[in-house]
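Written out below as structure tokens is the structure these notes cover.
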Number of protein chains: 2
Amino acid sequence: MFSKSTEYALRATIYIAQKSSEQNKLGINAIAAAIDSPLSFTAKIMQLLSRGNRVVSSVRGPNGGFFMTEKAMKLPVRSVLDQMGEDEVLEKCILGLNKCSESKPCPMHAEYRQIKLDMIRLFETKTIEQLAADLKEGEVYIGNKNK
Amino acid sequence: MFSKSTEYALRATIYIAQKSSEQNKLGINAIAAAIDSPLSFTAKIMQLLSRGNRVVSSVRGPNGGFFMTEKAMKLPVRSVLDQMGEDEVLEKCILGLNKCSESKPCPMHAEYRQIKLDMIRLFETKTIEQLAADLKEGEVYIGNKNK
DNA sequence: CTAATTAAAGATAAATTTATCTTTAATTAG
DNA sequence: CTAATTAAAGATAAATTTATCTTTAATTAG
Ligand code: FES
Ligand code: FES
């Protein structure tokens, strides 16, 4: 479905939303360890994810790190896709035609249509904050280690 | 969602199902032109797709080419994924955890669960033949050119 | 101001996917 | 049997994605 970059970005965002605040920032080491992702690659992804401080915010220097504002946590999960430049990914034709449309549909379009709409609705209505809350409950996992 | 290889494989299969028969085989040129895919790459994909003659069948030499048996056309679309070695793709965790499961779910699992089941059901119940029938009606497109 | 700390930026590298091209094998028509 | 035709197999190459490493810039504590 998503690229590794986007997967890590989603996991990192949810983790930061749950663990950090402007007073308590998270370093890249803590993030990569928690979401079980390659350190340097995750650092690269965090650059994209925090660019413009729209979704995740970052500060350099001692006591610096990554965090999210209360406002950013209320954004839909889709914002992470947008920030990563993957905003088209949910709209694509499942058979790879250049464009998914009602007027020139592929053979799977009619059946796939509702699934696609459900997917878009999920990403547009669910907020980062809501996912972070589930993580806080401890009933859900963000890495493979399940420490 | 799928790799380019799998997208071309799905499109090629549906096209072959609609246009070919054991008496009327399709050459690789005709297939690539119809589904609007790169010729040589498609040839490679057709090798995988026809290996074992499970989904698509192939015959070499004059009047050779690709075709599908009546029986193969009744297979679920999922068989194409299996044949391409992409049989795990529908089962994956949307956040990229090693394993999607009820016992160690990711933060999106609960909401994604139904979408995933819908997707699996679509690929397991819809047959290649059914998709080909829609294509025959001309209400549906398998390439970008829409000739 | 200086040293320490942290992310940003940039340069590469490794791995994978996508794509192309050439040679071989099978099959058929004549 | 021979020539023609077609896919299979194999060797590369190009492009993209994933990953790593080094240098730079920002920021803070002292
Ligand atoms: S056109 Fe293929 S999914 Fe909509
Ligand atoms: S565990 Fe992530 S989708 Fe099931």
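On a predicted model such as this, the values are computed, not experimentally measured, just so you know. A, B, ... follow the sequence lines: proteins, then strands. Residue 1 opens every chain.
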Considering only side-chain heavy atoms of A/Ser5, which listed nucleotide, D/dT18, C/dA8, D/dA8, is closest? D/dT18
For A/Gly65 and for B/Phe2, locate the closest nucleotide of DNA chain C by heavy-atom distance; then report the residue assigned to the nucleotide nearer the 5' terminus. A/Gly65
Take atom CZ of B/Phe41 and atom P of D/dA15, then tell me their distance rounded to the nearest Å. 14 Å
Flag, side chain of B/Lys25 to backbone of B/Asn63, donor-acceptor distance under 3.5 Å: yes
Between C/dT20, C/dA8, D/dA19, which one does the side chain of A/Ser50 approach most closely? C/dA8
How sharply is the helix from C/dC1-D/dG30 to C/dG30-D/dC1 bent, taking the axes over five pairs at either end and rounding to 10 degrees? 10°
Report the distance from atom CG of A/Leu48 to atom P of C/dA9, rounded to the nearest whole Å. 10 Å
According to a hydrophobic-cluster definition based on side-chain heavy atoms being under 4.5 Å apart (Ile, Leu, Val, Met, Phe, Trp, Tyr only), do B/Met46 and B/Val59 belong together? no
Side-chain contact check for A/Pro62: nearest option of D/dA7, D/dT28, C/dG10 is D/dT28
Does any non-hydrogen side-chain atom of A/Tyr141 lie less than 4.5 Å from one of B/Pro105? yes
Under-4.0 Å side-chain N/O to phosphate OP1/OP2 contact, B/Tyr8 with C/dA19: yes
A/Asn29 has an atom CG; how far is it from atom P of C/dT6, in whole Å? 9 Å
Considering every strand and a 4.0 Å limit on heavy-atom distances, what is the contact class for A/Lys44: base, sugar-phosphate, or nothing? base
Interatomic distance, A/Lys25 NZ vs C/dA8 C1' [rounded to whole Å]: 16 Å
Determine whether the aromatic ring centres of residues A/Tyr112 and B/Phe2 are separated by less than 6.0 angstrom. no
Any donor-acceptor pair under 3.5 Å from B/Ser50 side chain to B/Asn53 backbone: no
Between A/Thr42 and A/Gly61, name the one whose nearest nucleotide on DNA chain D is closer to the 5' end. A/Thr42
With a sphere of 6.0 Å drawn around NZ of A/Lys116, does it hold more than 12 non-hydrogen atoms of other residues, nucleotides or ligands? yes
Where each residue is assigned the nucleotide of DNA chain D containing its nearest heavy atom, which of A/Ser3 and A/Arg60 is assigned the position nearer the 5′ end? A/Ser3
For atom CG of B/Leu39 and atom C1' of C/dT22, their distance in whole Å: 14 Å
Kindly point out which of C/dC21, D/dA8, C/dT6 is positioned nearest to the side chain of B/Ser58? D/dA8
Distance, nearest 0.5 Å, that separates OG1 of A/Thr42 from CZ of A/Arg11: 8.5 Å
Should the side chain of B/Gln47 and the base of D/dA7 be counted as holding a donor-acceptor pair, with the cut-off at 3.5 Å? no
Does A/Asn63 make a side-chain N or O approach to OP1 or OP2 of D/dT27 shorter than 4.0 Å? no
If I take atom CG in residue B/Leu49 and atom P in nucleotide D/dA7, what distance separates them, rounded to the nearest angstrom? 13 Å
Nearest-Å distance for atom pair CD/P, residues A/Glu86 and D/dT16: 14 Å
Taking the six-membered ring where the residue is Trp, are the ring centres of B/Tyr15 and B/Phe67 under 6.0 Å apart? no
Whole angstrom is fine here: how far is it from NZ in B/Lys4 over to C1' in D/dT16? 13 Å
